[in-house]
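Just so it is clear, the values below take in all heavy atoms, side chains as well, and ignore hydrogens, waters and symmetry mates.
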Amino acid sequence: MKFVPPSRAMLAETLLAAGPSAATLCEGWETRHLAAHLVLREQHVLAAGLAGGPLERSMNRLLEDWAEKASTPAGYARLVRRFAQGPHRLSPFAIGPVERAANLTEFFVHTEDVRRAHERWAPRVLDAEYSERLWNALLRVARLTYRGIDVGLILVRPDGQRHVVRKASTSVAITGEPSELLMHAFGRRDHALVTYEGADDAVALLRTAD
């Protein structure tokens with residue numbers, strides 16, 4: 001739990017500072033939509049619909065309703081405070097191991113979704129242990145997040161550590177800090193500070209893959 005509470009606080013502060021109508025890297029969402037997503041995910045009984053389940057349509061309508069109510073500064077501040085308070089006691093996210101597994105990357109990526117949605121931004125200087133936790137989390141999900149990529153893929157840290165996500169006759173190495181590799185893996189590829197090494201056609205395929 002060491003890094004999850006401060007990551008939650010950082011995300012809440014970032015959302016509040018941005019205001020309800022700021023841009024995010026989440027397509028179609030302003031900050032108020034992102035805040036509504038975060039609260040619904042942890043506190044609503046229909047939260048299973050957020051993962052593409054049969055309740056997804058109902059959850060999307062609810063998210064839009066909550067986002068509309070958060071369009072004023074006061075309504076938005078209430079919503080962000082609700083997120084900052086943490087998950088409902090009956091939520092799966094109230095279970096320590098579940099929260100650690102799910103929220104460490106969720107909170108980092110969404111904080112950067114707000115920070116990097118503008119032209120002028122700089123990467124944060126992260127605690128070494130926190131960066132290591134992000135790396136370990138990335139290794140657990142990389143095969144899933146890069147599913148469907150038709151080239152071999154190797155993740156490389158500046159210190160030389162490497163992780164082979166998938167093997168193929170043609171491979172691309174992506175180099176960056178763990179936090180930047182995480183952003184890339186979660187689809188924020190135009191906003192991740194990484195470099196590519198490999199055949200031009202393989203790199204082009206990776207850069208444009210959905």
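Looking at every heavy atom in both residues, Ala23 comes nearest to His118 through O-NE2, 4.3 Å. Scanning both residues, Thr145 and Ala185, for their nearest heavy atoms gives CB-O, 3.2 Å. Pairing each heavy atom of Trp29 with each of Leu34, the nearest pair is CE3-CA, 3.9 Å. Asp113 and Ala117 make their closest contact through O-CB, 3.5 Å (heavy atoms, listed as atom of the first residue, atom of the second, distance). In this structure, Tyr76 and Leu15 approach most closely via the heavy-atom pair OH-O, 2.7 Å. Scanning both residues, Leu104 and Val4, for their nearest heavy atoms gives N-CG2, 4.4 Å.
Listed by first and then second residue, the side-chain hydrogen bond (donor to acceptor under 3.5 Å, both in side chains) pairs involving residues 167-180 are Arg116-Glu180 (not counting sequence neighbours). Evaluation of the salt bridge (Lys or Arg N to Asp or Glu O under 4.0 Å) test over residues 69-80, restricted to residues two or more places apart or in two chains, returns Asp65-Lys69. Residue pairs meeting the salt bridge (Lys or Arg N to Asp or Glu O under 4.0 Å) criterion with at least one member in residues 192-204: none, sequence neighbours excluded. Each salt bridge (Lys or Arg N to Asp or Glu O under 4.0 Å) pair with one or both residues in residues 3-28, not counting sequence neighbours, appears once here: Arg8-Glu42, Arg8-Glu99.
For the pair Trp66/Arg82, a side-chain contact is recorded, criterion being any heavy-atom separation below 4.5 Å from C-beta on. Between Leu181 and Val194 the shortest side-chain heavy-atom distance falls below 4.5 Å. Counting heavy atoms from C-beta on, the side chains of Phe3 and Phe108 never come closer than 4.5 Å. Using a 4.5 Å cut-off on side-chain heavy atoms (C-beta onward), Leu40 and Leu62 make contact. At a threshold of 4.5 Å between non-hydrogen side-chain atoms, the residues His33 and Cys26 do not count as touching.
Taking the ring-ring contact (aromatic ring centres under 6.0 Å, His included) definition, one finds that Phe186 meets it with nothing, sequence neighbours left out. Every residue meeting the side chain to side chain contact (heavy atoms under 4.5 Å, CB included) condition with Ala77, not counting sequence neighbours, appears here in chain and number order: Leu16, Arg81.
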Evaluate the criterion side chain to side chain contact (heavy atoms under 4.5 Å, CB included) for residue pair Arg188 and Val109; output intermediate values, then yes/no. CA-CA 9 Å; Arg188 281 66 171 178; Val109 171; 3.6 Å; yes

Please test Met10 against Arg124 for side chain to side chain contact (heavy atoms under 4.5 Å, CB included), starting from the C-alpha separation and ending with a verdict. CA-CA 12 Å; Met10 177 67 181; Arg124 287 184 282 162; 3.6 Å; yes

Run the side chain to side chain contact (heavy atoms under 4.5 Å, CB included) check on Leu38 and Leu11 step by step: do they pass? CA-CA 10 Å; Leu38 291 165; Leu11 177 49; 3.6 Å; yes

Pair Thr31-Val114, side chain to side chain contact (heavy atoms under 4.5 Å, CB included): steps then yes or no: CA-CA 7 Å; Thr31 40; Val114 180; 4.1 Å; yes

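Distance alone, capped at 3.5 Å, places no donor-acceptor pair between the Arg207 side chain and the Ala204 backbone. Checking side-chain atoms of Gln43 against main-chain N and O of Gly86 turns up a donor-acceptor pair under 3.5 Å.
Here His37 and His110 bring their ring centres to under 6.0 angstrom of each other.
The pair Glu112-Arg115 meets the salt-bridge criterion, with a side-chain N (NZ, NE, NH1 or NH2) lying under 4.0 Å from an Asp/Glu carboxylate O.
No more than 12 heavy atoms of other residues, nucleotides or ligands lie within 6.0 Å of CG in Asp190, so this atom counts as exposed by the packing criterion.
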